[in-house]
Amino acid sequence: MKMILHDLSQQEFEALYPSVDANTTVISDDGAIRHCVGCFGCWIKTPGVCMLKDGYQGMGELLSKCDEAVIISQCVYGTFGPFVKNVVDRSIPYILPYFVMTNGTMRHKKRYKNTFDLTVHFYGDVTEKEKETAKRFVEAMCVDFHCGKHNVYFHEDVPAEGVTK
Amino acid sequence: MKIAMINGSPKLGQNNSGIMLKLFEPFIQAAHEIAQYTISKEPLTQEQYLALLGADALLFAFPLYVEAIPSHLLRMMTALEKHAKREKKQGLYVYFIINNGFYEGTQNRIAVEVLENWCARCGFRFGMAVCQGAGEMMPAVESMPMGHGPLKNLGKAMKSLAEAIDNKSCGEAIFISPNWPRFMWKFQSHLFWRNAAKKNGLNKADIGKLMDNQHAAD
């Protein structure tokens, strides 16, 4: 399964993806998302599922079925825009609370056997320093989520093409 | 000097960022006028944003969320950038206390870069950051003497941060882990999760629950 997470307007997204196949799940901003409140309920009360029932509580399960994820986000200070970062923050049910050591530092242990490749398309006015931060950020995030391969691309404006393959 | 302390934790009630701000306050000169802000429940008002821009220094404390800044704080920082540009407010000194749940303080390094980039966008001065690992340890150690035992590194770092704020100067980010063995922190953390789950009627196997018959990691 493929997941596309984006912060584009509906019109911008449809211009980019005129059709989406049944094997693809699209996560977009419906205005209802709540921010993670740090309750850890997704680890110790309803393991694997976020406690906030706003339509974005199933990110852990969705990622467990993915072999490919695409993120299209405004680049904000070298990280994602607030909506995309919000969804990523709400995706920690995908991993376990337990720690493992990876390259000499602690990380959270994997919950699921699957692994997904990640492609990130950043857009907007981005400085060279922000680009370097963004690359390091995605690389580190891939370690957190135990991703496979990852690629990062930068676009000066909202991408109109070249992100659909 | 007017110092605005912004608790950037998303948690309502007691949180590690709040504990760290409380522990930090005695380090700075008593003459400072301190205003406290939280953003966990409601976004800041227009008046509060203007009050932040009217301060001499800002001190943010927040937990690391997926390598960077929690999304609600990121929203607040983008809004503050807009206000700063509208009000043509530049040169504000900004300081940070970041904690993460892992052991190594160095895991806050990318967040520091993001903050430096934010300061550059706003025209603010990146003052200094104290970046602590094992932030979840704070409730257990907050009553211990600062600068001793597990808080030895944190005490030294907070002293440096306080000197920087008192003098409105800039310095390098300080990355620290607690003075406590890493294997113990790992062991205690795992015990904590099992006990917390047990209070909710769950056992060790329940913590590893899989959705929709998916396969467990090896």
Side-chain angles (χ1 to χ4, degrees), chain A residues 33 35-41 43-49 58 60-62 64-65 76-93 96-101 104-114 127 129-130 132-133 136-138 140-141 143-146, chain B residues 9-12 15-16 40 63 65-78 81 101-104 106-107 109-111 113-121 133 182 185-186 189-190 192-202 206-212 214-218:
Chain A
I33 195 166
H35 67 76
C36 173
V37 295
C39 69
F40 298 129
W43 284 339
I44 56 164
K45 286 186 181 170
T46 57
V49 184
E61 181 177 352
L62 176 61
S64 78
K65 296 171 181 170
V76 176
Y77 318 131
T79 183
F80 296 135
F83 168 72
V84 171
K85 185 63 169 60
N86 199 340
V87 175
V88 170
D89 288 351
R90 294 276 301 280
S91 297
I92 62 165
L96 290 167
Y98 302 128
F99 293 137
V100 289
M101 297 303 293
T105 54
M106 278 186 179
R107 295 291 166 191
H108 287 289
K109 195 175 178 183
K110 276 186 90 163
R111 181 186 296 273
Y112 295 100
K113 192 172 187 176
N114 81 309
T127 66
K129 187 168 183 290
E130 286 170 340
E132 292 308 309
T133 302
R136 279 192 280 273
F137 166 69
V138 172
M141 182 189 136
V143 175
D144 291 336
F145 286 96
H146 303 268
Chain B
S9 173
K11 280 187 188 176
L12 299 171
N15 54 70
N16 302 323
S40 54
Y65 261 55
V66 190
E67 300 297 334
I69 299 167
S71 66
H72 75 301
L73 178 58
L74 185 60
R75 279 184 205 279
M76 178 265 175
M77 292 171 86
T78 57
E81 180 197 347
F102 303 116
Y103 179 80
E104 305 86 9
T106 49
Q107 297 214 34
R109 197 176 291 281
I110 293 167
E113 282 187 40
V114 172
L115 298 169
E116 287 171 344
N117 295 337
W118 173 70
C119 285
R121 287 274 178 188
R182 183 162 60 183
W185 175 238
K186 188 178 170 191
S189 298
H190 291 194
F192 169 82
W193 294 121
R194 283 171 194 152
N195 286 337
K198 197 174 175 183
K199 285 179 188 165
N200 296 316
L202 303 178
D206 292 328
I207 294 177
K209 186 177 176 184
L210 306 169
M211 295 294 120
D212 202 20
Q214 295 296 301
H215 298 289
D218 295 329

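In what follows, chains are A, B, ... by sequence order, proteins preceding strands, each numbered from 1. Remember, predicted model here, so these are calculated numbers, not experimental data.
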Q) Stepwise, does the salt bridge (Lys or Arg N to Asp or Glu O under 4.0 Å) test hold for B:E116 with A:K129? A) CA-CA 10 Å; B:E116 287 171 344; A:K129 187 168 183 290; 3.1 Å; yes
Q | Candidate pair A:V37 and B:L12, rule side-chain contact (heavy atoms from CB on, under 4.5 Å), full reasoning | A | CA-CA 8 Å; A:V37 295; B:L12 299 171; over 6 Å; no
Q: Decide yes or no on side-chain contact (heavy atoms from CB on, under 4.5 Å) for A:M106 and B:R182, but give the supporting numbers first.
A: CA-CA 9 Å; A:M106 278 186 179; B:R182 183 162 60 183; 3.6 Å; yes
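Chain A forms the most heavy-atom pairs under 4.5 Å with one residue out of B:E81, B:M77, B:K209, B:E104, and that residue is B:E104. Counting heavy-atom pairs closer than 4.5 Å to chain B, the top residue among A:F80, A:F83, A:F137 is A:F137. Of the residues considered (A:M141, A:K109, A:K65, A:R90), A:K65 shows the highest number of contacts with chain B, using heavy-atom pairs under 4.5 Å. Chain B forms the most heavy-atom pairs under 4.5 Å with one residue out of A:H146, A:M101, A:E132, and that residue is A:M101. Between chain B and the residues A:A140, A:G78, A:G81, the most heavy-atom pairs under 4.5 angstrom are made by A:A140. Counting heavy-atom pairs closer than 4.5 Å to chain A, the top residue among B:F192, B:Y65, B:Y103 is B:Y65.
Here the side chains of B:H215 and A:N114 are not in contact, with every heavy-atom distance at 4.5 Å or above. Between B:R194 and A:Y98, some side-chain heavy-atom pair lies under the 4.5 Å cut-off. Looking at B:L74 and A:V76, their side chains come closer than 4.5 Å, going by heavy atoms from C-beta outward. By the 4.5 Å heavy-atom criterion applied to side chains, A:F99 and B:W185 are counted as neighbours. The shortest side-chain heavy-atom distance between B:V66 and A:K85 falls under the 4.5 Å cut-off.
The backbone N or O of A:V138 lies less than 3.5 Å from no partner atom in the side chain of B:E67, so there is not a single donor-acceptor pair. Judged by distance alone, with hydrogens and angles left aside, the side-chain atoms of A:R111 form no donor-acceptor pair with the main-chain N or O of B:L210 at under 3.5 Å.
In this structure, the portions of A:H108 lying under 4.5 Å from any heavy atom of chain B include both its backbone and its side chain. Residue contact with chain A, scored on non-hydrogen atoms closer than 4.5 Å, involves the backbone and the side chain of B:E113 alike. Heavy atoms of B:I207 lying under 4.5 Å from chain A belong to its backbone as well as its side chain. No part of A:S91 comes within reach of chain B, as not one of its non-hydrogen atoms sits under 4.5 angstrom from that chain. Contact annotation for B:R109: neither backbone nor side-chain heavy atoms come within less than 4.5 Å of a heavy atom of chain A. Contacts of A:L62 with chain B are absent, with no heavy-atom separation under 4.5 Å from either backbone or side chain. With a 4.5 angstrom heavy-atom cutoff, A:N86 touches chain B via backbone and side-chain atoms both. Proximity to chain A is limited to the side chain of B:S189, based on heavy atoms less than 4.5 angstrom apart.
For A:K45, the salt bridge (Lys or Arg N to Asp or Glu O under 4.0 Å) criterion is met by no residue, not counting sequence neighbours. Scanning for salt bridge (Lys or Arg N to Asp or Glu O under 4.0 Å) contacts around B:R75 gives an empty result, with sequence neighbours left out.
When all heavy atoms of B:P10 and A:G38 are compared, the closest pair comes out as CG-N, 4.5 Å. The shortest heavy-atom contact between B:A217 and A:K110 is CB-CB, 3.5 Å. A:L96 and B:G208 make their closest contact through CD2-CA, 3.8 Å (heavy atoms, listed as atom of the first residue, atom of the second, distance).
Within the model, atoms NE2 of A:H35 and OG of B:S40 stand 6.5 Å from one another, a figure rounded to the nearest 0.5 Å. Atom CG of A:D89 is separated from atom CG of B:L73 by 10.5 Å, given to the nearest 0.5 angstrom. Annotation: the span from A:T133 atom OG1 to B:I110 atom CD1 amounts to 8.5 Å, rounded to 0.5 Å. Here CD1 of A:I44 is found 12.5 Å from CG of B:D206. Values are rounded to the nearest 0.5 Å.
Under the 6.0 Å distance and 45° angle rule, A:R107 counts as a cation-pi partner of B:F102.
Using the six-membered ring where Trp is involved, B:W118 and A:Y77 have ring planes that are perpendicular, over 60° apart on the 30 and 60° scheme.
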